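This report refers to the structure that appears directly beneath it.
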Amino acid sequence: MNLVLSEIFRYADFMKILVAGGAGFIGSNFIHYLIENYLEDEVVNFDKLTYAGNLENLKDLAGNARYSFVKGDIADSEAVEKVLKQGIDVVVNFAAETHVDRSIHIGSRDFVLTNTLGVQTLLDAERQLGTIKRHVQISTDEVYGSLELEDARQFHENWPFQPNVPYAAAKAGGDLLCRAFFKTFGLDVVVTHCSNNYGPYQYPEKLIPFFIDRAMNDQPLPLYGDGKNVRDWLYVRDHCEAIDLVLRQGKAGEVYNIGGHFERPNLEIARLILKALGKPESLITFVTDRPGHDRRYAIDASKIAKELGWKPRYHFSEAVKETIQWYRDNQDWVNRIKARAKGINAHLV
Ligand SMILES: NC(=O)c1ccc[n+]([C@@H]2O[C@H](COP(=O)([O-])OP(=O)(O)OC[C@H]3O[C@@H](n4cnc5c(N)ncnc54)[C@H](O)[C@@H]3O)[C@@H](O)[C@H]2O)c1
C-alpha cells in the first residue's frame, strides 16, 4: 500500500529541477539518483565547470530527454535568470568552491564569490521571478566550527556558526542569506548541513579518494598533524536520499543536519584503506598540521530522522569497499583528472 501511494506521489508531483553544481561529486550523484528514481522529473544541470566540474561523470545521460546541461556561473545574474526561466520548479544548489586547502593556500576570493555571492544571486533571481517553489541549499557541518575530541556533544541545527577556515566562512555567508531570504521575503528555502561525503566521482583532492589513489600507486599518504582529527563519514548515496526527502517533504525555512553516524580519526581511515588494498602502514606519513584545522566534527542528525524518517542505509565498512572498488575500476577517470590538474592541484600529480 505504501509503495503504491509513494508511486502516486511521484507521478503527481513531477518537477523540473535545477541542479546547480551538478557536474561535481555530490551533484552528479544526485542527478543520477533523480533520473533513476523519478521517471517523470526533468533535470537541468547548471555548472560553471571549474577544475572540479566534470561532465564525464554524467556521460551515461547523454541523449536522455529528461537531462540537459547549461554552462553558467551562479554568481552571474543574467545567466541565472535565463536558466530559471526554462520552466524550473525547484533549485538544489551544490555549486561551490569546496576544497578547504585551496581556500587557505591559493586564496579565498573565489570562495566568497561562489559560496556567498553566488547564493545571493540565485536567491535574488528566484525571488524576482516568483515561480520557484523551493530552494535547497547544500551546506556543511564546517560552519559550526570544531569540537574537542573528548567533548560528548554533537552539532545540532541551532548550534552557533563558528567557521574557522575561509571555505566554511564563505559557506556560512550563503546559509545566512538563505535564512534572511526566508525571513524577509518568504522565499521557500531549506538548508542542509552534512558531514564528509565519500563515494564514486569524488575529485581526488579529497581525503578518501586521495588516499585510495596514493595507496594504489604505492605513494605516501600524508596525514596532517597527529592524524587524530575526527570526521563523520556519510556515503554519498545516503546523502542523496536525504536531500531528496528534504526537497520534497522538508519544511520551508528549516535547517536539517545530515550525518553518517560514523565518526573516525583520519588515521583510522588511512589504515582501513591501506588494509583494504593490501598495502603497508609504512605508507602513512605525518606532515605539518593545516592552519585552522578543525579537531572534530560530530553531527546530530536526529531532526531529519524524527521529522522525515531518514537514516543512513549504508555502513561505512561496506560502502568504503564499494568506493575503493569504484576507484580501482575507474583509474582512467582519476588519471585524466590528474593530467588536467597540472598547475592547479600540484599535490595530485
Ligand atoms: N564533499 C563533501 O564531503 C561535502 C561535505 C559538506 C558539504 N558539501 C557541500 O556539498 C556541495 C557539493 O560538494 P562536492 O563535494 O560535490 O563539490 P565539488 O567540488 O565536487 O563540485 C562543485 C561543483 O560546483 C561547480 N561550481 C563551482 N563554482 C560554481 C559557480 N560559481 N557556478 C556554477 N557552478 C559552480 C563546479 O564546477 C563543480 O561541478 C558543496 O556546496 C559543498 O560545500 C560537500
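Note that this is a predicted model, so its numbers are computed, not measured. Whatever order the structure lists ligands and atoms in, that order sets their numbers, starting from 1. Below, each value reflects all heavy atoms present in this structure, side chains not excepted, and no hydrogens, waters or symmetry copies. Along the sequence shown, residues carry numbers from 1.
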Looking only at side chains, do [X] and [Y] share a donor and an acceptor under 3.5 Å apart?
X	Y	result
Y67	N45	yes
R231	Y198	no
E142	Y297	yes

Looking only at distance, does [X] have an N or O less than 3.5 Å from an N or O of ligand 1?
X	value
N196	no
N197	yes
N54	no
D73	yes
F46	no
D141	no

Measuring only between side-chain heavy atoms, which start at C-beta, is R66 closer than 4.5 Å to F14? no
Residue portion contacting ligand 1 (non-hydrogen atoms closer than 4.0 Å) for [X]:
X	value
E142	neither
T98	side chain
Y297	neither
Y203	neither
A20	neither
A75	neither

Report yes or no: does [X] contribute a side-chain atom to a donor-acceptor pair with the main-chain N or O of [Y] at less than 3.5 Å?
X	Y	value
K171	I138	yes
N257	F155	yes
N229	D294	yes
T116	A170	yes
R134	V246	yes
S146	R295	yes

Does S28 come within less than 4.0 Å of ligand 1, judged by its heavy atoms? no
Any heavy atom of G22 closer to ligand 1 than 4.0 angstrom? no
Could you list which atoms of ligand 1 come closer than 4.0 Å to a heavy atom of [X]?
X	value
L49	37 (O)
C194	5 (C), 6 (C), 7 (C)
G72	32 (N), 33 (C)

Can we say D188 and K133 salt-bridge, meaning some charged N sits less than 4.0 Å from an Asp/Glu carboxylate O? no
Sidechain N-carboxylate O distance under 4.0 Å for K321, E318: yes
Is V136 linked to F181 within one hydrophobic cluster, defined over Ile, Leu, Val, Met, Phe, Trp and Tyr using a side-chain heavy-atom separation of less than 4.5 Å? no
Atom 16 (O) of ligand 1: the protein heavy-atom neighbour that sits closest, reported with distance to 0.1 Å: I26 N, 2.8 Å
Out of [options], indicate the one that has the non-hydrogen atom closest to [atom].
atom	options	answer
atom 12 (C) of ligand 1	W233, Y198, F94	F94
atom 24 (O) of ligand 1	A170, A96, A23, G24	A96
atom 43 (O) of ligand 1	Y201, Y167, F25	Y167
atom 32 (N) of ligand 1	I74, T192, N93, I138	I74

